[in-house]
Structure formats: C-alpha cells, structure tokens
Amino acid sequence: MSADTMANAPAEAAPAADLPDAEGRLAIVLEGDVDIYVAEALWRRLSAGLRAATVLELDLSAVSLIDTTGLQILAQLQRTAAREGRSLRLRAHSPAAAEAIEFLGLAPLFGDSLPIQTQWA
C-alpha cells in the first residue's frame, strides 16, 4: 500500500472497496512499503477490515518491503482474529514478504506454507 493510499483511508470505517463479500470474506491487496511510515493508517484499515469480515485475506504479492512494524501489525491482526473467531489469511507472498516472514520464523503463526526459496536452501 502506498503512503498516499494509506493517508487517504478513513480512520473510522473500512473504505467502500473494503467490504466483505456475501460469504463474509474480504480481500485486501497490500502494495509498496509496509513499514513504520504507514503503520497507523495500515492498522486502521486492516483492523476495520477484520471487524467487517469473518475472513480477511491479505494479498502480499505487491509488497516491496515489510519491516518489523508491518510484521507486528500482521501478528496482532492474527491474534485478534483468533481471539474473535475470525480468520486472517496471507496469500501470494512477494519475495520481500516471504523472506521477512520466513527469516523471523513467523510462518507458523500465520499457518503459512511458504515455499523454500533457493536463496534460503
């Protein structure tokens, strides 16, 4: 998610595009840098999405960088989802997202089955 996109996200509710489908699933694509500079707006958007849906799917294919703040947000969303009987799913990991999640050993937290990357083997 770019900083411009995040800055324009409403603070109180999920944007109109961030509404769940008839089955309660909501898919959000994260783009660009997922870092401390977009953390506040990112948390507002994703936590609103989680409140609105029974299943929140985050597409990480367009993430160019994710720092520990971004990973903390994802971990907190996972804990919140579990506590509230909801689901958080990560999908389509970019190389940057996959590397950060795997490097910090967070794949089990998200139930991820990340493929083994050749640079890690």
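By convention here, the first residue in the shown sequence is residue 1.
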**Study point:** Linked, directly or transitively: L65 and L58 (ILVMFWY side chains, under 4.5 Å)
**Key:**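 Unlinked, L65 and L58 end up in two clusters.
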Check your understanding: Is it true that L109 and V55 fall in one hydrophobic cluster, defined by side-chain heavy atoms closer than 4.5 Å?
Key ->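 Per the 4.5 Å side-chain linkage, L109 and V55 are not co-clustered.
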Which atom pair, heavy atoms only, marks the closest approach of [X] to [Y]?
{"X": "D35", "Y": "T69", "value": "C-CB, 4.5 Å"}
{"X": "L50", "Y": "R86", "value": "O-CD, 3.3 Å"}
{"X": "I66", "Y": "A100", "value": "CG2-CB, 3.6 Å"}
{"X": "L60", "Y": "L30", "value": "CD2-CD1, 3.6 Å"}
{"X": "W43", "Y": "I73", "value": "CE3-CG2, 3.8 Å"}
{"X": "L26", "Y": "A53", "value": "CB-CB, 3.7 Å"}

Review point. For I36, does the CD1 atom sit with more than 12 other heavy atoms under 6.0 Å from it, leaving out its own atoms?
Key: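 Counting other residues, nucleotides and ligands, CD1 of I36 stays at 12 neighbours or fewer.
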Review point. Got Q78 and L74 here, is their nearest side-chain heavy-atom distance under 4.5 Å?
Key: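 No, their side chains stay 4.5 Å or more apart.
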Between atom [atom1] of [X] and atom [atom2] of [Y], what is the distance when rounded to the nearest 0.5 Å?
{"X": "R89", "Y": "D59", "atom1": "CZ", "atom2": "CG", "value": "14.0 Å"}
{"X": "L88", "Y": "R79", "atom1": "CG", "atom2": "CZ", "value": "11.5 Å"}
{"X": "D67", "Y": "Q72", "atom1": "CG", "atom2": "CD", "value": "8.5 Å"}

Practice item. Show the numbers, then the answer: is there a side chain to side chain donor-acceptor pair (under 3.5 Å) between D33 and S64? Key: CA-CA 6 Å; D33 294 351; S64 55; 2.9 Å; yes
